[in-house]
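For reference, the structure discussed in these notes is given below.
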Amino acid sequence: MTATTGPSRFGVRAAVHDYSGVVVLREVDFELRSGEIHALLGENGSGKSTLIKVLTGAVRPSGGTLFLDGEPVTFATPQQAQAAGVAVVHQNYNLFPDLSVEQTLLTSASGIPRRARAMGAVDHRSWRRTVGALLQGLGVDLDPRALVGALGPAERKFVEIARAMVAEPRFLILDEPTASLEPGAAGRVLDLMRTLRGRGVGLAFVSHRLDEVAATADRVTVLRDGERVAERDTVGLTTAEMARLMVGDRPQESARPVTSSVRPDVLLSVRDVRVSDDGAPFDLDVHAGETVAVTGLVGSGAAAFVSMVGGDVPLRGRAEMDGRAISLRTAREAQAHGIGFIPEDRKARGLVLEHSCAVNVSLASLGQVSRAGRISRGRLLRRAEEYRTRLDIRMAQVTAPASSLSGGNQQKVLVAKWLASGVRLIAVEEPTQGVDIGGRAQIHDLLREFTAGGGAVVLFSTDVHEVLALADRVAVFRHGSLQRLHSHTDLDQAQLTALAGGDDAAVTRPPTPTSVTGSSRSTVRTEN
């Protein structure tokens with residue numbers, strides 16, 4: 001690994017890109033300098049991922065110019081970017097668990113040592129020494145012979161960074177390098193990034209953890225709706241200011257009922273819940289007529305909790321429904337207790353796409369459209385027509401396959417499925433992901449109608465606008481446990497973004513209790 005011989009700059013000027021006419025980058029400038037850490041911030045859909053693809057040769061921009069040391073460059077492929085000294089580490093692991101560390105790094109090596117007397121076979125002993133020296137230079141304590149599958153999350157991320165550094169790049173781009181890591185492991189990855197900065201490598205990294213950005217980055221660039229809205233030095237820049245730059249001055253979504261439908265009776269109560277081995281246990285009450293929105297960064301435990309409520313994975317803790325103890329180990333058990341689950345991947349796990357919309361609407365309650373154990377086609381179709389009209393599901397006919405519907409209408413069919421079944425609580429992941437604006441508003445209205453009738457919703461969403469538009473209370477998860485629980489009236493978009501990123505000072509009001517009726521139990525219970 002070598003550093004640059006002098007200051008070097010790499011980036012893009014006036015980057016423009018669109019997908020099928022939808023503009024996702026609007027004349028974006030981004031510059032990375034050797035020996036610095038430059039954070040790239042923005043909400044989901046702001047254009048960060050596309051900008052990374054442009055910088056690393058995965059996407060040819062519709063307009064704009066890449067430059068390296070003042071000269072224009074063109075990358076037709078990621079391999080050309082690598083040859084020019086630009087490497088990338090993606091958010092998701094791209095490793096083979098059955099390979100050793102040294103074998104994994106060998107897949108990225110160009111100058112592989114060979115054994116002249118063995119017909120050019122790889123000289124593994126020499127390569128092991130090379131890998132050992134590379135890891136030592138990075139300050140990483142790993143055995144080159146260790147199997148990747150036996151390593152922890154932080155060590156696997158070290159391997160990915162080391163693999164990128166085999167080619168001695170001048171610039172390294174990291175997409176959410178700490179997203180799925182607990183604090184200790186994340187800190188080790190950040191330390192490695194600082195080591196690389198000290199060796200003259202220029203690093204760009206995407207992160208939603210604003211506390212990490214403040215502690216690690218030298219500069220930040222903020223994207224919003226495909227445009228660069230700010231570039232700032234981090235000296236004196238607070239996480240609250242970062243959050244406000246990300247969300248801007250857009251009006252808050254407020255198409256929520258003027259009066260609350262929350263009732264005093266507790267519908268679901270969970271106690272001593274753990275969503276991870278290292279996370280603190282917590283308690284939470286969900287009331288009839290209430291929507292509790294659960295949010296947090298990737299790996300925070302927020303999505304895992306909603307999956308537990310819906311029975312998609314076994315609940316690690318105790319649960320009561322209407323004051324009676326229940327078991328939540330499977331989706332079947334959850335449904336038996338009046339809980340429905342809408343997964344994020346509606347196509348693969350929520351619907352049976354090849355079956356008709358009519359079948360999908362009654363899929364969770366086929367007994368209600370059956371006679372003597374046989375499905376009544378008449379009842380099946382009449383019920384589907386009822387929900388088609390009630391929920392304004394756009395389809396040619398109820399006998400059309402679910403695969404023929406748009407994303408928003410597929411989501412409506414999923415909601416109809418649980419409304420028809422008579423459940424009293426719906427656990428839903430990313431309720432409007434991939435849904436257009438019109439469909440989004442309709443799905444929000446359906447969920448509000450459900451709670452207005454006395455049902456309850458526990459939803460996971462990474463969209464702060466959606467969270468504040470739907471929630472009566474907002475549960476913020478970090479590092480595998482519930483950290484904050486607030487009334488939606490306590491938060492705006494910037495404050496919620498800052499809370500998820502680790503800035504508890506962003507909200508001055510104290511968290512609400514677990515029960516809206518004023519429970520004396522603490523929101524978060526930790527053990528010494």
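All values below come from the heavy atoms of this structure, side chains included, with hydrogens, waters and symmetry mates left out. On a predicted model such as this, the values are computed, not experimentally measured, just so you know.
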Hey, which of Val457, Val309, Val292, Val262 is the one that makes side chain to side chain contact (heavy atoms under 4.5 Å, CB included) with Val286? Val292

Just so I know, are the side chains of Phe205 and Ile37 near enough to count as touching, which here means a heavy-atom distance under 4.5 Å? yes

Holding to salt bridge (charged side-chain N to carboxylate O under 4.0 Å, His left out), I want the full list of residues that pass it with Arg383, two or more places apart in sequence or in another chain. none

Taking Val148's backbone N and O only, do any of them form a donor-acceptor pair with Arg156's side chain (distance below 3.5 Å, no angle check)? no

Backbone N or O of Leu210 within a donor-acceptor pair of the Thr239 side chain at under 3.5 Å? no

Pair Arg188 + Asp141, salt bridge at N-O below 4.0 Å: no

When you compare the side chain of Leu485 with that of Arg473, does any pair of heavy atoms fall below 4.5 Å? yes

Can you run down the ring-ring contact (aromatic ring centres under 6.0 Å, His included) pairs that involve residues 345-387, sequence neighbours left out, and say none if there aren't any? none

Is the closest side-chain donor-acceptor distance between Thr178 and Glu212 under 3.5 Å? yes

Residues Thr462, Glu430; criterion side chain to side chain contact (heavy atoms under 4.5 Å, CB included); working and verdict: CA-CA 7 Å; Thr462 53; Glu430 299 286 9; 2.9 Å; yes

Are Asp285 and Arg271 close enough for a salt bridge, meaning some N to O gap below 4.0 Å? yes

Would you check, one step at a time, whether the test side chain to side chain contact (heavy atoms under 4.5 Å, CB included) holds for Met321 with Leu267? CA-CA 6 Å; Met321 197 80 170; Leu267 186 59; 3.9 Å; yes

So does Arg263 get a backbone contact from the side chain of His287, meaning a donor-acceptor N/O pair under 3.5 Å? yes

Could you go step by step and tell me if Arg163 and Leu95 meet the side chain to side chain contact (heavy atoms under 4.5 Å, CB included) rule? CA-CA 10 Å; Arg163 183 171 62 178; Leu95 301 171; 3.9 Å; yes

If you count every heavy atom of other residues, nucleotides or ligands that lies below 6.0 Å from Arg394 atom CZ, does the total exceed 12? no

May I ask you to decide whether Arg324 forms a salt bridge with Asp322, counting only side-chain N to carboxylate O separations under 4.0 Å? no

Backbone N/O of Gly42 and side chain of Lys48: donor-acceptor pair under 3.5 Å: yes

Electrostatic pair Lys157:Glu160 at N-O distance under 4.0 angstrom: yes

Does either side chain, that of Arg332 or that of Thr330, offer a donor lying less than 3.5 Å from an acceptor on the other one? no

Give the intermediate values and the outcome of side chain to side chain contact (heavy atoms under 4.5 Å, CB included) for residues Val415 and Phe450. CA-CA 10 Å; Val415 174; Phe450 178 69; over 6 Å; no

Residues Gln411, Thr432; criterion side-chain hydrogen bond (donor to acceptor under 3.5 Å, both in side chains); working and verdict: CA-CA 8 Å; Gln411 194 76 332; Thr432 59; over 6 Å; no

Under a 3.5 Å distance rule, please check whether Thr451 uses its side chain to pair with a backbone N or O of Arg448 as donor and acceptor. yes

Test side chain to side chain contact (heavy atoms under 4.5 Å, CB included) applied to Thr295 and Leu499, Leu496, Thr497, the passing residue: Leu496

Check whether any side-chain N or O of Asn360 sits under 3.5 Å from a backbone N or O of Ser356 as a donor-acceptor pair, and report yes or no. yes

Do the side chain of Ser365 and the main chain of Gln368 share a donor and acceptor less than 3.5 angstrom apart? no

Salt bridge between Arg316 and Asp277, side-chain N to carboxylate O under 4.0 Å? yes

Kindly say whether Gly317 contributes a backbone atom to a donor-acceptor pair with the side chain of Arg274 at under 3.5 angstrom? no

Considering only heavy atoms from C-beta outward, does the side chain of Cys357 approach that of Ile393 to under 4.5 Å? no

Ignoring hydrogens and angles, tell me if any N or O in the side chain of Asp472 forms a donor-acceptor pair with the backbone of Thr291 under 3.5 Å. yes

Search all heavy atoms of Ala500 against all heavy atoms of Arg478 and return the closest pair with its distance. O-CD, 3.6 Å

Below 4.5 Å, heavy atoms only, C-beta onward: do Phe341 and Gln335 meet side chain to side chain? no

